[in-house]
Amino acid sequence: MASYNSYSTSSSELSTPRSSSPSSTTSRSSATTVSKRMSLSSRRISSPFNPMAAVDIEAIEAQMRMSSLDHLRGYAQDHFGVVKQYHETEYTPKSQAAGYQILREPLWNRGTSFSPEERVSKNLTGLVPHVLESMDTQCQRALRMINSRGTNVDKYLYLSSIKANNIDLFYRLLIDHVAQMMPLVYTPTIGDVCIQYSTLYTRPEALYISIKQRKSIATILRNWPYPNPSICVVTDGSRILGLGDLGVNGVGISIGKLALYTAAAGIHPEKTLPIVLDCGTANEDNLRDPLYLGLRQKRVSPEVALEFMDEFMAAVKEVYPNMLVQFEDFETEKAFQYLDRYKKEKCFNDDIQGTGAVVLAGYMGAVNLSGVPMEDQKLVFMGAGSAGVGVAKQVMEYYTRRGLSEKEARDKFYLVDTKGLVTMDRGDKLAQHKKIFARTDNNGHQFSSLEDVIAYVKPTALIGLTATFGVFTESVVRALKMSVDAGGLGRRPILFPLSNPLTKAECTFEQAITWTEGSAIFASGSPFSAFTTKNGDMATTYYPNQGNNVYVFPGLGLGTILAKASRVTDTMVYTSAAALSGCLNKEEIRMGLIYPKIERVRDASVIVAREVMKCARRDGVSMLPEETWVEWEEWGDVALTAWIKKQVYDPKF
Ligand SMILES: O=C([O-])CC(=O)C(=O)O
Ligand SMILES: [Mg+2]
């Protein structure tokens, strides 16, 4: 009997007849798939190029019965891991679609808002209720449903079903009710969703690329139904938020981040591409879960993962040469390695650079509020992973730009990891990315606990990126306050417990306020509610900040795309932080905030994008014609701002 693999090889005469990428064909548009794809359910499949060469489906089925389904992994490939497809997918263009084709395409469906003329011309009469409703009424219905759901994951699922049916409605809700919706489609709820992704799964929303398909990455990229995406968010699931290795379930974070590219910066949903690279997982729960959707094998070695990544980046360049690649939630060593390796490509790492920039922006504001002059600041970082070191590097740049030497700037940082203060003579092998901040001035003393470090350093700022709930204990926070108080009256400690989701935050907002008698300048990665204290009849309300990279990556991405930048320079990242720090309006300043309110994230993204664009031009990486820049320059920022606002997606019926 022919083995599974020999089926594929013996049918190698069915060569891959791809003449052009479907995504490059202009007739192709997003729509319900009318696919002529190879299907195992048909009895015999012939290649149109060699109709005599039929595939022996019975042999495959016999093989499937003999081998475990897990082995087959749901796709056919030859000995060399090449998946052969025989046809381009054909899509009905929007102009030709009618009836249910329209209602089933989430980008075309307008729910109950189709006009009478559209209902007639598109054969929709009777297919939708007869009322004609505004977008607002549709939003009210959705809100009522969301509010009636008992858990955040249920609310997420409801929102997700709206996204699957009516994209404009989904984004209208997200944009107009961002404070309520963002925590549902993003941190913290997305953390729970990722953990349970394989169980919650109902429909595909991303490209799932397994290492077993590494020779077919370009084919898979071409299968994406929407033409020429501008941006992808790619993860390998190895460090999702602070939740560790979630394997293919981590795809939820790519989906969530891209929803915010659209909601917070107005990148058209059709232009966004979520991707997960499945390299196996170290997560035993996943490996044991019969419903797990990913490869049921241990995560591959870093060396093999690197080869896979090289192949992925090469395929991206081949299929979507202008697409910006955002690396997300790769475990630390890989995150730094890939960022360095692909620095000439159009990419950035959100956890190193996005988080770095957002914390820097908040820190700039916090220093002003703290009463501790910039030169007297000393920062302790609890956590020395991609985010910890990424943030420290960005803040260090802030100091060098203000005239400090590299050494003077570096001396302001004390990084602490699970073994204590990171020093050169600690006796362990330091990971490369930590070395830059390893202390050499500790005179042989080692400090193994955070309390010891605080007593030794007497910091003015404490930043948490540990993914460990509660490591900022009462004694730690009180010690921080004491060391700041010792410097003079009215000084305020900077306290940023930044780990995500909320279950990983180093301390809560209420704790921070209580333990510092209200003096902490606070920012967390996931959103906390305002907190009110009562003293007799006197009530004081404190407002937290959300120091999340959502204030940076959408604008940084938008600016990079609109400037047609060939890559993302370090200066563009730094500029995004500087731009964000200047975004606060009078009310936000009066409230003592260090980030704009989340309701203004779209305004902030426009400003970040504008400054990033200008920086791309200064750095010589913008491919926009010189005349365009000259025209904008005549009008100052006004013309460029107006132009950006005109480019972005703002769903309306
Ligand atoms: O996703 C977020 O909320 C922020 C982030 O990048 C992370 O925690 O890895
Ligand atoms: Mg992340």
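Just so you know, ligand 1 is whichever comes first in the structure, and atom 1 is the first atom listed for that ligand. Residue numbers start at 1 and run along the sequence shown.
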Inset, instruction - Identify, by atom number and element, the atoms of ligand 1 in contact range of Asp350, meaning under 4.0 Å from any of its heavy atoms. - result: 6 (O)

Inset, instruction - Identify, for atom 2 (C) of ligand 1, the protein heavy atom at the shortest distance, and state residue, atom and that distance. - result: Tyr186 OH, 3.2 Å

Legend entry - Heavy atoms of other groups near Lys317 NZ, more than 12 under 6.0 Å: no

Inset, instruction - Describe, in one word, how the ring planes of Phe531 and Phe509 are oriented to each other, choosing from parallel (under 30°), tilted (30 to 60°) and perpendicular (over 60°). - result: perpendicular

Legend entry - Which of the ligand 1 atoms, numbered from 1, are nearer than 4.0 Å to a heavy atom of Arg239: 9 (O)

Inset, instruction - Of the side chain and backbone of Asp329, name the one, both, or neither that has a heavy atom under 4.0 Å from an atom of ligand 1. - result: side chain

Inset, instruction - For atom 8 (O) of ligand 1, find the nearest protein heavy atom and state the residue, atom name and distance (0.1 Å precision). - result: Asn500 ND2, 2.8 Å

Inset, instruction - Please examine the side chains of Cys347 and Val568, heavy atoms only from C-beta on, and report whether any two atoms are closer than 4.5 Å. - result: no

Legend entry - Any N or O of Thr355 closer than 3.5 Å to N or O of ligand 1: no

Legend entry - Asp351, N/O/S atom nearest the Mg ion (ligand 2): OD1

Legend entry - No-hydrogen, no-angle side-chain donor-acceptor test under 3.5 Å, Asn249 and Tyr201: no

Inset, instruction - Answer with side chain, backbone, both or neither: which part of Met182 has a heavy atom less than 4.0 angstrom from an atom of ligand 1? - result: neither

Inset, instruction - Drop me the distance from Asp329's CG to Asp245's CG, to the nearest 0.5 angstrom. - result: 11.5 Å

Legend entry - Short N/O/S contact of Glu328 with the Mg ion (ligand 2) (below 2.8 Å): yes

Inset, instruction - Drop me the distance from Ile231's CD1 to Asn322's CG, to the nearest 0.5 angstrom. - result: 13.0 Å

Legend entry - Contact partition for Ile190 relative to ligand 1, non-hydrogen atoms under 4.0 Å: neither

Inset, instruction - Please work out whether the ring planes of Tyr338 and Phe330 are parallel, tilted or perpendicular, with thresholds of 30° and 60°. - result: perpendicular

Inset, instruction - State the atoms of ligand 1, each with its element, that fall below the 4.0 Å cut-off from a heavy-atom position in Lys257. - result: 1 (O), 2 (C), 4 (C), 5 (C), 6 (O)

Legend entry - Distance filter under 4.0 Å to Glu328 heavy atoms, resulting ligand 1 atoms: 6 (O)

Inset, instruction - Report, in ascending order of atom number, the atoms of ligand 1 lying under 4.0 Å from any heavy atom of Asn549. - result: 4 (C), 5 (C), 6 (O)

Inset, instruction - Within a distance under 4.0 Å of any heavy atom of Thr187, pick out the atoms of ligand 1 and give their elements. - result: 3 (O)

Legend entry - NZ on Lys435 to CG on Leu415, rounded to 0.5 Å: 14.5 Å

Inset, instruction - Among all protein heavy atoms, pick out the one at the shortest distance from atom 3 (O) of ligand 1; state its residue, atom name and that distance to 0.1 Å. - result: Asn548 ND2, 2.8 Å

Inset, instruction - Look at the side chain of Arg602 and the backbone N and O of Ala263, then say whether any donor-acceptor pair between them is shorter than 3.5 Å. - result: yes

Inset, instruction - Check whether any side-chain heavy atom of Leu556 sits under 4.5 Å from a side-chain heavy atom of Gln326, and report yes or no. - result: no

Inset, instruction - State the atom name: nearest N, O or S atom of Asp329 to the Mg ion (ligand 2). - result: OD1

